[in-house]
Amino acid sequence: MVDLLELAVVIPTFNEKANVPTLIAKLDQALAGRNWEAIFVDDDSPDGTADAAREIARLDKRVRVIQRIGRRGLSSACIEGMCATAAPFVAVIDGDLQHDETLLPAMLDLLKDAAQDVVIGSRFVNGGGTGEWDSDRVAKSAFATKLSRGVLKADLSDPMSGFFMIRTDIVRRLAPSLSAIGFKILLDLLTASPTPLRFVELPYTFRCRTEGESKLDHVVAMEYLIAIYDRMFGRIVPVRFAMFSAIGVLGVGIHMAVLSALFVGLGVNFLVGEIVATLAALTFNFFLNNALTYRDRRLKGLRQLVDGWVSFAVICAVGAVANVGIAAFLYATRDGTWAASALIGVLVGAVWNYALSSKFTWGRY
C-alpha cells in the first residue's frame, strides 16, 4: 500500500544556512509517523542556504528546494512554495527555529476535520507567549495587530502570525488575488478570500533566534503598511504607483531644499543650483524607489545601479518634457485654466515615468 503525501511544510529562507539541518531534524521528530515533505524556498541566499538544503535533499527525498533568482519577498516565496506541492495540506514555518514545530501534528489533525480551513499558531491566545520580546517589540506588534483590524474579516488574536497550516486547494484558489507584498502571508490570505475562512488558533511560545540575523527592519515594517494600503485602496490606485508618486512628492521637497540652500544660502548661480537640485532629487527618487517601490526587483551592484540611474534619468527627462508640453497645450486650448492644465501635465508625467521605469529601469534584470 502506498502512503499518500499528507503535508507540505513550506520554509521561506534568506541566509539561514546554519538552521537548515536543525530544522529538518526537528521536523523529522515532530512529524514521526506522518507522510510529509519540506519545501525550502530560498531567495538566492549568499550564505549558501539553498546548497545546504540540497545536500540534505540528496539523502532525504522529503526535502525539496526552490531557489529563486532575482526575486525577493517572504509572501511571494510562501505562495510559490504552497502552490508547488501535491499535498492536500500545507504549513508555513520560518527557517529561524522560532516557531514551535511540535504543534504541526495537532494542526494537521484539526485540518482533517472539515470544519476548519486554516489553523494558526498564536502568541496571544491563552497559553501562548512572545518569549523574550522586549516591551518595544511587544508594543509594535500590538499596534500592527490593531492596524490589521481595518482589513480583516475575522476576529483573530494574532493576524501577524507567520506560523499556520491551511488547505492547499484554498491557497491555489486565492493565489491569483494575493498581493504577495510584505512578510505577512496569513493576513494576505485572510483578506483575499471572498468569504471568511474558518479558523482555529493554537497557542505557542515564540522562541529566541540562536543562529543568523533577524530580518525585521524599517523596510519590513514599511512593507507591512504597504500591504495594508494595498488591501484597502489598491483596487483604486495600485500600490506601486502610489509609492512611486509619494516618493516623487518627497523628491520635490528635496529639490526645493537643495535649491534653497545653494541659491539663497550660498549665493550660487540659479541655473547651477537648479541643475544640482534636479540631480539630487532624481538620485533621491531613484534610490528610494529601488529600496521600497521595487524592493522585489532591487538593483544591486555598481553596474546595475549605474545603468538603472542613467535609464531612470533619461526616462524622467522625457517625462518632464511631456509634462510641460501637455500642460502648455491644455493651457493654450482651455482659455487659461492654468491649475487644471498643470495638474494634468504632472499626472501624465508621473504615469510616463512610472510605466517606463517599471519596464526599462527595474524590469531588465
Side-chain angles (χ1 to χ4, degrees), residues 12 14 41-46 50 66-81 83-84 175-183 185 188 192 215 219-220 222-227 229-231 233-252 254 278-323 326 345-365:
F14 185 74
V41 187
D42 184 66
D43 284 356
D44 199 23
S45 299
I66 299 174
Q67 184 174 358
R68 308 201 306 168
I69 308 298
R71 304 194 304 286
R72 288 282 300 274
L74 190 146
S75 286
S76 59
C78 291
I79 294 167
E80 287 192 36
C83 290
S177 57
L178 295 175
S179 70
I181 297 171
F183 66 111
I185 181 61
D188 201 4
K215 308 302 187 297
V219 174
V220 168
M222 179 67 73
E223 281 191 337
Y224 175 69
L225 296 177
I226 291 166
Y229 167 90
D230 186 61
R231 279 302 170 201
F233 309 111
R235 294 179 183 177
I236 302 170
V237 179
V239 64
R240 263 198 222 275
F241 181 69
M243 291 177 65
F244 190 90
S245 300
I247 290 171
V249 172
L250 293 177
V252 172
I254 295 294
T278 298
L279 291 174
L282 188 147
T283 302
F284 170 85
N285 285 8
F286 169 74
F287 281 102
L288 199 55
N289 275 309
N290 193 53
L292 296 177
T293 310
Y294 298 98
R295 186 172 188 239
D296 57 331
R297 309 182 202 171
R298 185 182 300 171
L299 303 179
K300 300 176 183 177
L302 183 61
R303 183 173 176 274
Q304 285 190 10
L305 288 171
V306 171
D307 286 351
W309 185 91
V310 171
S311 67
F312 186 70
V314 171
I315 289 165
C316 289
V318 176
V321 172
N323 177 351
I326 289 174
V346 168
L347 180 60
V348 169
V351 172
W352 168 276
N353 292 344
Y354 170 73
L356 269 72
S357 62
S358 292
K359 182 175 178 61
F360 295 108
T361 301
W362 285 282
R364 291 186 297 158
Y365 295 98

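In this chain, numbering begins with 1 at the start of the sequence shown. Being a predicted model, the structure only gives us computed values, none of them experimental.
For the pair Asp43 and Ala77, the tightest heavy-atom approach, listed with the atom from each and the gap, is OD1-CB, 4.2 Å. Closest of all the heavy-atom pairs between Ile185 and Leu178 is CD1-CD1, 4.4 Å.
Panel note: side chain Asn290, backbone Arg298; no donor-acceptor pair is recorded below 3.5 Å. Between the side chain of Ser311 and the backbone N or O of Gly308 there is at least one donor-acceptor pair closer than 3.5 Å.
Contact check for Ser76 versus Arg68: side-chain heavy atoms found under the 4.5 Å cut-off. Side-chain contact between Leu305 and Phe287 is present, with heavy atoms from C-beta onward closer than 4.5 Å. Considering only heavy atoms from C-beta on, Ile66 comes within 4.5 Å of Glu80 through its side chain. In this structure the side chain of Phe360 never reaches within 4.5 angstrom of the side chain of Phe312, judged on heavy atoms.
Atom-to-atom distance recorded for Gln304:CD and Thr361:OG1 is 12.0 Å, nearest 0.5 angstrom. In this structure, CG in Leu250 is found 8.0 Å from CG in Asn285, a value given to the nearest 0.5 Å. Rounded to the nearest 0.5 angstrom, Thr293 OG1 and Leu288 CG are separated by 6.5 Å. Atoms CD1 and CG, on Ile69 and Asp44 in that order, are 3.5 Å from each other to the nearest 0.5 Å.
A distance below 6.0 Å separates the ring centres of Phe286 and Trp362.
Between the side chains of Arg297 and Ser358, no donor-acceptor pair is found at a separation under 3.5 Å.
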